[in-house]
There are 2 protein chains.
Amino acid sequence: MEHEAKQVDSRTRLLNATLQIVRAKGYTATRIEDICAEAGVTKGSFFHHFKSKDELALAAVAHWDALTGGLFASAEYHRIEDPLERLLAYIDFRRELLQGELPDYTCFAGMITQEAYLTRPDLVAACERSITAHARTLEADIEAAIEQSGNRADWTAASVALHTQAVIQGAFILAKATGDTAIAADSIAHLRRYIELLFSPR
Amino acid sequence: MEHEAKQVDSRTRLLNATLQIVRAKGYTATRIEDICAEAGVTKGSFFHHFKSKDELALAAVAHWDALTGGLFASAEYHRIEDPLERLLAYIDFRRELLQGELPDYTCFAGMITQEAYLTRPDLVAACERSITAHARTLEADIEAAIEQSGNRADWTAASVALHTQAVIQGAFILAKATGDTAIAADSIAHLRRYIELLFSPR
DNA sequence: ATGATTATACCGACCAGTGGGTATGCTGTC
DNA sequence: GACAGCATACCCACTGGTCGGTATAATCAT
C-alpha cells in the first residue's frame with residue numbers, strides 16, 4: 001500500500017500522506033491512523049514525530065508551502081521575457097497541472113482554510129501566508145504588464161494576483177462538485193481571457 | 001442562545017442551525033449536539049426529525065437550495081430589461097450579499113462539496129445540482145448578451161455561468177484565509193469587469 | 001578497539017473522552 | 001387512544017493521545 005519508497009524518512013512520508021488524505025477527505029475526517037497506514041508507519045512513530053494532530057497540520061502546511069514553492073520556482077514559464085506573456089504562461093501552467101485524480105491537484109491550503117478558519121486561527125494564518133506569498137510572486141509581472149499596456153488601471157496588481165488565486169480555488173470546488181476536471185480548466189481559461197482583455201490595447 | 005423565535009418549528013430550526021454551524025466549522029467537525037444547542041432543541045427531538053447526521057445533511061442541502069432559490073428568484077435584479085445589465089446587476093447583488101460575519105454569507109453547498117466529494121457522493125450530487133441549477137438561471141441572459149453584442153464567442157454561455165460561480169466560491173476561500181471580506185468583494189469586482197470586457201463591442 | 005552512555009527512531013497495547021445513535025417514557029392534541 | 005413532538009438516560013464504537021518498551025546508532029571515556 002505504501003506509495004513511496006522506503007528511503008524517504010518517516011516524517012516526510014507522514015507529511016506527504018497528510019497532504020494526500022486531507023485533500024481527499026478533509027482535515028477533521030482524516031484519522032491519524034489513516035495517515036499512518038498511507039505512510040506505512042505505526043501510530044507510535046507518528047507521535048514520535050508530531051506532538052498532536054494539530055502540530056502535524058501546521059507542519060503539513062509548511063511542507064505544502066515548500067513543495068509548491070519549489071514547483072513554481074523551477075517552472076518553465078519564468079523563462080519567458082515579456083511580463084504579460086509570462087503571466088499568461090503561468091495561467092497555462094496552472095491549467096496543465098490539472099492532471100490525475102482530484103486530490104492530486106487540489107490545493108491543500110485552500111482545503112484546510114475552509115475547515116479551520118474559525119477554529120484554528122494559527123493554521124489559517126499559515127495557509128494565508130502560503131497563498132498570498134504565492135500570489136505575490138505574480139505581482140511584479142502584473143505591474144510590468146500594466147506599465148507596458150499603458151492603460152490606466154483602477155485596480156491594483158495585488159488585487160489581480162489574488163483574483164487569479166480565487167479563480168483557481170473556485171475552479172477546484174466546481175471540479176469537485178461536478179467530478180469534472182474540464183470544468184476547472186474552463187474556468188481557468190476564462191481567467192486567461194480576462195487577463196488578455198485587461199491588457200489588450202484600448 | 002437561541003437565535004430564532006420559537007414559532008419556527010424545530011425541524012426548520014435544526015436545518016437553519018445546520019447551515020450556520022456547518023458553514024462555520026465544516027461538516028465533520030459539526031456535532032449533532034452543537035446543532036441541537038444552536039437550535040434550542042434536544043437530541044431526542046433531533047432524531048425524531050432526522051434518522052441520521054447524513055440524512056440531516058441531505059435535508060440541509062435541500063433547505064439551502066430552497067432558501068437561496070427564493071432569495072435569488074425574488075431579487076431586484078430581475079426587473080432590469082437589458083440582459084447584460086441584468087447579468088451585471090446579479091453580480092452586484094452577489095457582492096452586496098457579502099455582509100456580516102463570514103459564516104453568514106458563505107456557500108453551504110460549496111463547503112459541503114469540499115469535504116464530502118469523495119466520501120459522500122449522494123451529498124455532493126445534491127450540492128452539484130444546487131450549484132449548477134443556480135448557474136443555469138444566468139444562462140439565458142448570457143445567451144442574450146452574446147446575441148446582442150454580436151461578438152462571435154468561442155466559449156459557451158454555460159461555461160461563463162459556471163465561471164461566475166467559481167469566482168464566487170474562490171472569493172469565499174480567500175476571504176476566509178485573510179479574514180477580509182473586502183478581498184472577496186475585489187474578486188467579484190474583477191468578475192464584473194470580465195463580463196463587461198467580454199461583451200463590450202470589439 | 002571496547003564497552004558504557006545516551007539519543008533517535010520506532011512499536012503496539014492500552015486508556016479515556018467523544019459523539020453518533022438508541023431506548024423509553026412523558027405530554028399535549030386530534 | 002393514537003400519534004406527533006419532545007425529553008432523558010444510556011450505549012458503544014471510534015479515535016486522539018499515552019506509555020512502557022525495543023532496536024539502532026552515534027558519542028565518549030578508558
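The shown structure was predicted, so the numbers you read here are calculated from the model rather than taken from an experiment. Reminder, nothing fancy here: chain letters follow the sequence lines and each chain counts from 1.
- Interface limits on DNA chain C: the 5'-most and 3'-most nucleotides within less than 4.0 Å of chain A heavy atoms are C:dA9 to C:dG12.
- At whole-Å resolution of the value, CD1 in A:I32 and C1' in D:dT18 are 12 Å apart.
- Between the B:E115 side chain and the B:T28 main chain, a donor and an acceptor come within less than 3.5 Å of each other.
- If you take CD1 of A:I21 and P of D:dT15, they are 13 Å apart, rounded to a whole angstrom.
- You'll find the side chain of A:L87 stays beyond 4.5 Å of the side chain of A:V160, heavy atoms only.
- Within residues 44-58 of chain B, the residues that place at least one heavy atom under 4.0 Å from DNA chain C are, in residue-number order, B:F47, B:S52, B:K53.
- Backbone-only engagement by B:T30 is indicated by non-hydrogen atom pairs under 4.0 Å involving sugar-phosphate atoms exclusively.
- Dashed line: the shortest gap from a side-chain N or O of B:T42 to OP1 or OP2 of D:dT8 is not under 4.0 Å.
- A:Y194 pairs by the ring-ring contact (aromatic ring centres under 6.0 Å, His included) definition with A:H163, B:H190, B:Y194, not counting sequence neighbours.
- Using a 4.5 Å heavy-atom cutoff, the side chains of A:Y117 and B:L102 are in contact.
- Residue pairs meeting the side-chain hydrogen bond (donor to acceptor under 3.5 Å, both in side chains) criterion with at least one member in residues 44-53 of chain B, sequence neighbours excluded: B:K51-B:E55.
- Residues satisfying the ring-ring contact (aromatic ring centres under 6.0 Å, His included) criterion with B:Y77, sequence neighbours excluded, are B:Y90, B:F93.
- Atoms CG and CZ, from A:L97 and A:F72 in turn, are 5.5 Å apart once rounded to the nearest 0.5 Å.
- Residue whose closest nucleotide on DNA chain D sits further toward the 5' end, between B:R11 and B:E33: B:R11.
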Task: Working for side chain to side chain contact (heavy atoms under 4.5 Å, CB included), residues B:Q114 and A:I173 - done: CA-CA 6 Å; B:Q114 283 268 62; A:I173 292 187; 3.9 Å; yes
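- Taken residue by residue, residues 111-124 of chain A places no heavy atom nearer than 4.0 Å to DNA chain C.
- The shortest distance between side-chain heavy atoms of A:D186 and B:W155 does not fall below 4.5 Å.
- A donor-acceptor pair under 3.5 Å links the side-chain atoms of B:R23 to the main chain of B:D104, judged by distance alone.
- B:T106 places no side-chain N or O within 3.5 Å of a backbone atom of B:P103 that could act as its donor or acceptor partner.
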